[in-house]
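Below: one structure, written as structure tokens.
Predicted model only: the values in this text are computed from it and were never measured. The sequence lines fix the lettering, A, B, ..., with proteins before strands; numbering per chain opens at 1. Heavy atoms only: backbone and side chains are in, while hydrogens, waters and symmetry mates are out.
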2 protein chains.
Amino acid sequence: MIRNTLQRRAISRVFSVDVPPLTPQEVLAAAQKDMPALGIATVYRTLKSMVESGTLTIVNLPGEASRYELTEKCHHHFFSCRACGKVSVVSKCITDFKDMVPNSFKLERHEVVLYGLCSQCNKE
Amino acid sequence: MIRNTLQRRAISRVFSVDVPPLTPQEVLAAAQKDMPALGIATVYRTLKSMVESGTLTIVNLPGEASRYELTEKCHHHFFSCRACGKVSVVSKCITDFKDMVPNSFKLERHEVVLYGLCSQCNKE
DNA sequence: ATCTCTGCAAATGTTTTGCATCAGC
DNA sequence: GCTGATGCAAAACATTTGCAGAGAT
């Protein structure tokens, strides 16, 4: 059974507005405005349970700590330059990944990371 | 200028055979068979330069440390279950991602991570 | 009253960095 | 000989966990 605590409500509230994917540290800082005594361990524990319940989704950017965002938000895709390491956001999405997994799986979300050289490094 | 040292040759050799994506620790252990005094810092520094030169590619699995593999090897895609956390390998790959980036970019590789419920957790 | 959740601090694991020394070129 | 590369140890982060006490039900 999951209890409805002040801490969990403070953390949920952070994600109720329009925010970009956040790191656990950023979630902590934002939620501490409501709950100054909040600890980082609770943030990690709460984020994990919100991922398991499907409310949040982990966003993995190459070379960065995991970020979390609302599952319902439109997803992003990334391009990572192997030379300068810069990550850019890719808007277009060509979809239909359904055929990639067996029918017994429930496909909820996909994430695409493209690798190569960005326009800057491609010139040099 | 990049020097051709014993350490770099030992690390390169690890990747010359048919191996799965390796963590830096695994690379260290394998390369130490040739070079017992090799340190982990050198492994990290060498892996980074091999990624920048395009020889190696980083493979990011959700919830695991970064792994490295030869860029020329056929790529993999992953399915990550949000409930049990298990990661499975997806064989099929359907899409063409060329249209997702501007022409000024050089697209060399893509990685797809699918999220949802695996067949086990989907039943429950 | 029970039993989960929390905060703290310590432990764990990964990756980076400072620095003196070593070795390619 | 110059200068980049190495090994070590420490530092910097990210994340998890043990535990005793607080709080939700």
Side-chain angles (χ1 to χ4, degrees), chain A residues 1-14 20-53 55-69 80 82-87, chain B residues 1-15 21-53 55-69 80 82-87:
Chain A
M1 168 214 274
I2 289 179
R3 290 181 180 170
N4 178 21
T5 64
L6 281 171
Q7 289 82 343
R8 275 182 204 170
R9 268 175 275 145
I11 292 172
S12 296
R13 227 174 293 130
V14 170
L22 300 173
T23 62
Q25 288 295 343
E26 290 167 343
V27 174
L28 176 68
Q32 277 183 336
K33 285 170 190 159
D34 285 356
M35 269 244 65
L38 184 66
I40 187 69
T42 300
V43 172
Y44 275 101
R45 286 188 276 234
T46 305
L47 290 177
K48 178 177 271 189
S49 85
M50 290 174 80
V51 168
E52 279 162 16
S53 74
T55 310
L56 294 184
T57 300
I58 300 175
V59 178
N60 283 303
L61 299 232
E64 285 192 26
S66 296
R67 292 172 174 276
Y68 296 78
E69 79 173 331
S80 173
R82 69 148 212 269
C84 68
K86 207 164 61 187
V87 175
Chain B
M1 167 214 276
I2 288 178
R3 289 180 182 171
N4 178 22
T5 63
L6 281 172
Q7 289 82 345
R8 276 186 203 165
R9 267 175 276 146
I11 292 172
S12 295
R13 228 174 291 130
V14 170
F15 288 100
L22 300 173
T23 62
Q25 289 295 341
E26 291 166 343
V27 174
L28 176 67
Q32 276 182 338
K33 285 171 190 161
D34 285 354
M35 269 244 62
L38 184 65
I40 186 68
T42 300
V43 173
Y44 275 101
R45 286 186 276 232
T46 304
L47 290 177
K48 178 176 273 190
S49 85
M50 289 174 79
V51 168
E52 279 163 16
S53 74
T55 310
L56 293 184
T57 300
I58 300 174
V59 178
N60 284 303
L61 299 231
E64 284 191 29
S66 296
R67 291 171 175 275
Y68 296 78
E69 81 174 329
S80 172
R82 70 149 209 267
C84 68
K86 207 164 58 186
V87 175

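Of the residues near DNA chain C, Ser66(B) and Arg45(B), the one whose nearest nucleotide (by heavy atom distance) lies more toward the 5' end is Ser66(B).
In this structure, CD1 in Ile11(B) is found 11.5 Å from CG in Leu22(B), a value given to the nearest 0.5 Å. Put simply, CG on Leu56(B) and CZ on Arg82(A) are 11.0 Å apart, with the number rounded to the nearest 0.5 Å. Between Glu52(A) atom CD and Cys84(B) atom SG the span is 9.5 Å, to the nearest 0.5 Å. A distance of 4.5 Å separates OH of Tyr68(A) from CD1 of Ile58(A), quoted to the nearest 0.5 Å. Here the CE-CZ distance, from Met50(A) to Arg8(A), works out to 10.0 Å after rounding to the nearest 0.5 Å.
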Show me the donor-acceptor pairs within less than 3.5 Å that the side chains of residues 40-49 of chain B make with the rest of the protein, sequence neighbours left out.
unit_1, atom_1, unit_2, atom_2, d
Thr46(B), OG1, Thr42(B), O, 2.7
Ser49(B), OG, Thr46(B), O, 3.2

Would you tabulate the side-chain donor-acceptor contacts of residues 29-37 of chain A under 3.5 Å, counting partners in other chains and residues two or more places apart, or write 'none'?
unit_1, atom_1, unit_2, atom_2, d
Gln32(A), NE2, Leu38(A), O, 2.9
Asp34(A), OD2, Arg13(A), NH1, 2.2

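Comparing the helix axis at one end of the helix from dA1(C)-dT25(D) to dC25(C)-dG1(D) with that at the other, each defined from 5 consecutive pairs, gives an inter-axis angle of 30° (nearest 10°).
Between the NZ atom of Lys48(A) and the P atom of dT6(C) there is a distance of 14 Å, rounded to whole Å.
Looking at residues 27-41 of chain A, you'll see Ala37(A), Leu38(A), Gly39(A), Ala41(A) sit with a heavy atom under 4.0 Å from some atom of DNA chain C.
Residues Glu26(A) and Pro21(A) come closest through the heavy atom pair OE1-O, 4.1 Å. The two residues Ser66(B) and Pro24(B) come nearest to each other via the heavy atoms O-CD, 3.4 Å.
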Can you give me the N/O atom pairs linking the protein to nucleotides 22-25 of chain C at distances under 3.5 Å, or say none if there are none?
unit_1, atom_1, unit_2, atom_2, d
dG24(C), N2, Arg3(B), NH2, 2.9
dC25(C), OP1, Asn4(B), N, 3.2

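Scanning DNA chain D 5' to 3' for nucleotides with an atom closer than 4.0 angstrom to a non-hydrogen atom of chain B gives a first and last hit of dT3(D) to dC8(D).
Side-chain N/O atoms of Tyr44(B) include none lying less than 4.0 angstrom from OP1 or OP2 on dT16(C).
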